[in-house]
Amino acid sequence: MGFRLPHIFAFLTLTLVASHAALPPQLYWNSVLPNTQMPKSISELLQPDFVEEKGTTVGVGKGGVNVQAGKGKPGGGTNVNVGGKGGGVGVTTGKPGGRTNVGVGKGGVSVSTGHKGKPVYVGVKPGPSPFNYLYAATETQLHESRNVALFFLEKDIRPGTSMTLTFSGNSNTAAFVPRETADSIPFSSNKLPEIFSQFSVKPESVEADIIKGTIEECESSGIRGEEKYCATSLESMVDFSTSKLGGNVQAISTEAEKGATLQKYTITPGVKKLAADKSVVCHKQNYAYAVFYCHATKTTRAYVVPLKGADGLEAKAVAVCHTDTSEWNPKHLAFQVLKVKPGTVPVCHFLPKDHIVWVPKKST
């Protein structure tokens with residue numbers, strides 16, 4: 001897989017240097033949302049950007065956008081990485097067996113309710129996202145047993161209910177880039193050849209299919225009553241969410257103890273219903289840098305659900321319940337799993353650790 005190193009090095013250097021004129025993402029958050037705590041799922045994708053001329057290093061974020069030239073060192077090489085550990089775009093040269101690698105991971109939540117017998121699983125990738133409600137479930141989604149999302153009924157959100165769950169984030173930990181950098185990189189199906197060229201991705205590769213799929217999903221129409229938006233920077237996600245909900249908001253994500261594995265969890269006392277029936281939910285996508293597919297609706301209820309695993313591990317999971325599913329595809333995964341029809345009962349799902357729900361704060 002070819003990689004035109006001088007081109008991408010110059011591109012990243014110019015865009016990152018230019019971004020210093022604006023507020024870094026962390027400071028932008030603090031200026032717009034001074035009374036809103038940043039979820040761990042967001043802060044883990046942020047680090048102050050830096051540019052160092054000596055040693056030829058350009059970096060953004062947690063393993064984010066990184067360019068290094070190891071000149072003058074034994075075995076030294078050149079490394080370019082767009083994205084984070086386990087995902088993004090990387091090249092290593094100057095070493096025996098050096099290679100170019102572009103990897104984008106998967107992630108999700110798996111759920112199976114104990115009283116329904118053998119659990120039915122759906123894979124987040126490949127195939128359409130289960131969080132896009134216009135798509136019918138694929139056979140792959142119905143039989144995938146890892147990195148999955150399964151739906152359940154709102155009436156099951158009560159203390160004592162047990163579910164088999166595993167909480168994971170998207171293994172593509174690609175970091176946020178500053179808005180100025182994101183805006184300078186094409187993000188359109190009409191610009192795919194240019195995108196592939198900038199990331200030195202071959203058009204016929206798996207990586208190209210992932211990039212294409214994410215962009216096409218971002219460009220697809222939403223269901224009636226849903227406002228869709230793909231945020232290519234933290235700043236744009238903040239702006240979209242506050243434009244729909246106002247500035248007095250909270251952002252919440254699922255929190256699970258490290259080492260939480262597939263096991264039975266029981267809902268414990270303390271289920272908390274979040275304010276209002278409107279929200280913005282943002283789902284992390286597979287891409288070379290952090291991209292979130294957000295959708296705003298007025299037909300949702302969100303809960304923070306305390307859970308305790310069979311091994312004693314605890315989690316606080318965000319559950320989002322859709323109160324009007326009448327516009328969903330009748331063959332959507334949720335209806336096949338739950339054996340219910342569109343528009344009949346609220347349908348819920350837990351959010352993976354790297355997805356975020358935005359809701360108005362309760363009035364005090």
Side-chain angles (χ1 to χ4, degrees), residues 33 36-45 107-113 122 124 129-133 147-159 161-170 226 231 234 237-238 240-241 244-245 249-258 260 262-263 265-285 290 292-309 313-323 325 334 346-362:
L33 302 171
T36 299
Q37 183 176 356
M38 181 181 289
K40 184 178 179 182
S41 58
I42 291 180
S43 63
E44 287 182 340
L45 300 180
V109 178
S110 70
V111 184
S112 67
T113 54
V122 56
V124 175
S129 167
F131 304 119
N132 189 317
Y133 308 117
N147 301 318
V148 298
L150 192 84
F151 293 81
F152 54 95
L153 299 178
E154 189 175 26
K155 66 182 181 63
D156 292 325
I157 305 178
R158 64 183 188 276
T161 297
S162 293
M163 299 181 183
T164 299
L165 302 156
T166 181
F167 294 103
S168 64
N170 193 321
E226 174 191 43
L234 176 58
M237 181 164 63
V238 168
F240 176 76
S241 301
K244 303 305 174 187
L245 304 173
V249 297
Q250 56 182 332
I252 302 173
S253 59
T254 292
E255 297 180 5
E257 291 185 44
K258 191 173 183 180
L262 178 67
Q263 62 175 308
Y265 284 85
T266 300
I267 298 178
T268 58
V271 174
K272 179 182 178 183
K273 182 179 181 293
L274 301 178
D277 288 343
K278 60 181 179 178
S279 66
V280 173
V281 183
C282 295
H283 308 283
K284 193 168 192 294
Q285 302 297 291
F292 281 78
Y293 156 49
C294 301
H295 50 132
T297 69
K298 297 180 180 178
T299 57
T300 57
R301 286 191 284 266
Y303 298 84
V304 176
V305 182
L307 299 160
K308 188 168 185 177
L313 287 178
E314 296 182 349
K316 287 187 177 180
V318 175
V320 175
C321 297
H322 301 268
T323 59
T325 60
V347 169
C348 309
H349 58 83
F350 285 119
L351 292 183
K353 289 196 298 183
D354 53 2
H355 295 202
I356 302 130
V357 62
W358 300 74
V359 294
K361 289 182 180 177
K362 288 184 177 180

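Throughout, numbering of the chain's residues begins at 1 and tracks the sequence.
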Q: Can you confirm whether more than 12 heavy atoms, excluding those of Lys273, are under 6.0 Å from its NZ atom?
A: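 Yes, the 6.0 Å shell around NZ holds more than 12 heavy atoms from other groups.
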Q: Of all residues at least two apart in sequence or in a different chain, which pass the side chain to side chain contact (heavy atoms under 4.5 Å, CB included) check with Lys316?
A: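 Checked Lys316 against side chain to side chain contact (heavy atoms under 4.5 Å, CB included); matches are Val304.
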Q: Going through the distances and angles, do Met237 and Ile42 end up as a side-chain contact (heavy atoms from CB on, under 4.5 Å)?
A: CA-CA 11 Å; Met237 181 164 63; Ile42 291 180; 4.0 Å; yes
Q: Among Tyr293, Trp358, Phe240, which residue meets the side chain to side chain contact (heavy atoms under 4.5 Å, CB included) test with Cys282?
A: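 Among Tyr293, Trp358, Phe240, the one meeting side chain to side chain contact (heavy atoms under 4.5 Å, CB included) with Cys282 is Trp358.
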Q: So Leu351 and His283, do their side chains get closer than 4.5 Å, heavy atoms only?
A: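 Result yes, sub-4.5 Å side-chain heavy-atom pair found.
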Q: I want to check something: taking the side chain as every heavy atom from C-beta on, are Phe152 and Ile157 in contact at a cut-off of under 4.5 Å?
A: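 Counting from C-beta outward, Phe152 and Ile157 do come under 4.5 Å.
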Q: Strictly distance-based, threshold 3.5 Å: is any side-chain N or O of Thr36 a donor or acceptor partner for the main-chain N or O of Val249?
A: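 Present.
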Q: Can you name the residues that form a side chain to side chain donor-acceptor pair (under 3.5 Å) with Thr161, not counting sequence neighbours?
A: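 If we apply the side chain to side chain donor-acceptor pair (under 3.5 Å) test to Thr161, skipping adjacent residues, there are no hits.
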Q: Thr266 and Ser162: side-chain donor and acceptor closer than 3.5 Å?
A: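 The criterion, which ignores hydrogens and geometry beyond distance, is satisfied for Ser162 and Thr266.
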Q: Give a yes or no on whether the backbone of Val359 and the side-chain of Ser279 come within a donor-acceptor separation of less than 3.5 Å.
A: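 Answer holds: no.
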Q: Donor-acceptor pair, Glu257 side chain versus Glu314 backbone, under 3.5 Å?
A: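 Indeed, once roles are kept as given, a pair shorter than 3.5 Å links the two residues.
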Q: Give a yes or no on whether the backbone of Thr299 and the side-chain of Thr323 come within a donor-acceptor separation of less than 3.5 Å.
A: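 Yes; at least one donor-acceptor contact below 3.5 Å.
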